[in-house]
Amino acid sequence: MDREQSTKQKPNTSVNEFSPPLRLNIDLGAIEHNWQMLSGLCGTSQTGAAVKADAYGLGSNQVSSRLYRAGCRDFFVAHWAEALELRGTVPAEQISVLNGVQQQDVLFAQQLGAKPVLNSLQQAKLWKESGGGVCDLMIDTGMNRLGIEAHDIETIRSFGLQIDVVMSHLASADERSQQNDVQLSNFLEFSSSFPTSRKSLANSAAIALGSRFQFDLTRPGIALYGGTPRAELVSAIRNVVFPQARVCQIRTLAAGDRVGYNATFTASQPMSAAIVEIGYADGYPRSLSNSGKFQMAGEPLTVIGRVSMDLTIVQLPENHTLREGDYLDVCFELETISELSGRSPYEILTSLGRRFQRVYKT
Ligand SMILES: *Cc1c(COP(=O)(O)O)cnc(C)c1O
């Protein structure tokens with residue numbers, strides 16, 4: 001096949017040839033700022049980072065690399081594949097795998113050198129019998145999700161494992177709840193069996209509960225990414241995620257025109273509307289139908305009609321200068337969008353779709 005022919009048959013479709021209609025601008029500087037602010041709240045205790053689920057959808061390598069440079073030395077993922085993904089960015093021994101280790105993963109775990117967070121007597125036995133290595137230990141203090149039970153502590157202690165961090169997790173740190181103090185006092189009691197291990201109890205919300213909850217190491221996640229699960233954090237935490245979506249059509253509506261699936265919006269007067277290339281397939285919640293906000297050069301625009309899979313419609317002001325092909329800012333302040341949509345900030349971030357082009361601001 002000569003060169004000319006092959007060019008004809010394979011048109012050049014490199015990604016440089018089109019402009020992605022969706023951009024996810026991720027401010028790594030804001031993530032570092034948030035980490036530093038949380039560190040500042042934590043006095044002498046070390047500040048780690050939860051980077052599970054691809055750093056809550058924002059890119060675990062980019063986030064971890066930035067935080068490593070800032071001084072973070074403890075990274076938390078959920079799956080072994082996520083620990084592997086960080087190879088080359090973070091030394092394996094600084095990664096904890098929260099979901100623990102099963103028989104099928106033991107060899108892999110030891111080869112990789114990341115720490116399993118042992119969650120049960122069974123896992124502790126498995127780790128000991130397979131020759132062990134440095135690990136972490138989760139103790140359940142009342143959430144009844146992951147963690148060993150109090151009555152297994154003595155047995156596990158007798159194994160003589162090399163336990164770096166002993167941790168537990170609060171169920172209601174984002175609420176004013178008596179459960180927090182109950183879990184704290186359980187943790188103080190249970191963790192005392194491991195006097196040489198580092199102690200860790202606090203996620204983002206628990207950091208704001210004060211120094212009693214901070215121990216040797218904290219494990220913030222959502223607050224790094226702009227979430228403020230407690231009011232105390234609002235002034236310290238910066239927004240991190242700034243999505244933009246392209247307008248693919250602008251149309252004029254007459255009074256009485258109905259808009260979108262199931263006609264949930266009717267124009268009460270003549271108006272213009274922009275059709276924007278973002279939908280629930282991109283993680284833009286369908287529950288933001290007739291309520292979500294966009295911005296055009298700082299001016300707020302409201303969603304009209306149903307959010308559909310690939311498209312959302314917004315009302316434009318009179319005399320707008322918007323053109324097809326322009327980009328709108330999607331209002332994505334986490335607490336606001338969470339309130340409007342009825343979904344948690346965690347769900348919103350981790351549901352962001354794969355059609356976004358991630359653009360990192362450093
Ligand atoms: C996800 C997770 C965290 C981080 O929690 P945030 O609420 O996002 O700060 C900390 N610890 C454990 C065990 C977790 O599973």
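Whatever order the structure lists them in is the order used to number ligands and atoms, beginning at 1. Note that this is a predicted model, so its numbers are computed, not measured.
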Counting non-hydrogen protein atoms only, what is the nearest one to [atom]? Give residue, atom name and distance.
atom                   : value
atom 5 (O) of ligand 1 : Asn203 CB, 3.4 Å
atom 9 (O) of ligand 1 : Ser204 OG, 2.5 Å
atom 7 (O) of ligand 1 : Tyr346 OH, 2.6 Å

query = Are Phe190 and Ile148 co-members of a hydrophobic cluster defined by side-chain heavy atoms under 4.5 Å apart?
reply =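 Yes; Phe190 is reachable from Ile148 via cluster members.
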
inquiry  = Is there a path of hydrophobic side-chain contacts, each under 4.5 Å between heavy atoms, that joins Ile207 and Met37?
reply    =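 No, no single cluster joins them.
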
Would you mind telling me if ligand 1 is within reach of the side chain of [X], the backbone, both or neither, using heavy atoms under 4.0 Å?
X      : answer
Phe76  : neither
Ala50  : side chain
His169 : side chain
Met138 : side chain

Atoms of ligand 1 less than 4.0 Å from [X] heavy atoms?
X      : value
Tyr56  : 1 (C), 4 (C), 5 (O), 6 (P), 8 (O)
Leu98  : 13 (C), 14 (C), 15 (O)
Pro220 : 9 (O)

inquiry  = Measuring from non-hydrogen atoms of Ala205 to any atom of ligand 1, is the shortest distance under 4.0 Å?
reply    =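 So Ala205 does not count as touching ligand 1.
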
Counterpart residues, side-chain contact (heavy atoms from CB on, under 4.5 Å), relative to Lys361 (two or more places apart) =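 Testing Lys361 for side-chain contact (heavy atoms from CB on, under 4.5 Å), a comparison that skips the adjacent residues, returns Asp27.
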
We want to know whether [X] and [Y] form a side-chain donor-acceptor pair, criterion being a heavy-atom distance below 3.5 angstrom.
X      : Y      : answer
Arg198 : Gln46  : yes
Ser96  : Arg219 : no
Ser60  : Glu82  : no

ask   = Is there a side-chain contact between Phe294 and Ile278, using heavy atoms and a 4.5 Å cut-off?
value =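 Heavy-atom side-chain distance check passes, below 4.5 Å.
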
query = Is there a side-chain contact (heavy atoms from CB on, under 4.5 Å) between Val303 and Phe265 once you walk through the steps?
reply = CA-CA 10 Å; Val303 171; Phe265 179 87; over 6 Å; no

query = Heavy-atom distance to atom 6 (P) of ligand 1: which of Ile222, Asn99, Asp174 wins?
reply =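 Looking at heavy atoms only, Ile222 sits closest to atom 6 (P) of ligand 1.
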
query = Of the listed options (Lys52, Arg219, Arg145, Met143), which comes nearest to atom 14 (C) of ligand 1 when hydrogens are ignored and any heavy atom counts?
reply = Lys52

request  = Determine the interplanar angle of the Phe215 and Phe187 rings, folded into 0 to 90°, and report it as parallel if under 30°, tilted if 30 to 60°, perpendicular if over 60°.
outcome  = perpendicular

inquiry  = Any nitrogen or oxygen of Ala223 lying under 3.5 Å from a nitrogen or oxygen in ligand 1? Just yes or no.
reply    =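 So ligand 1 has no N or O lying under 3.5 Å from an N or O of Ala223.
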
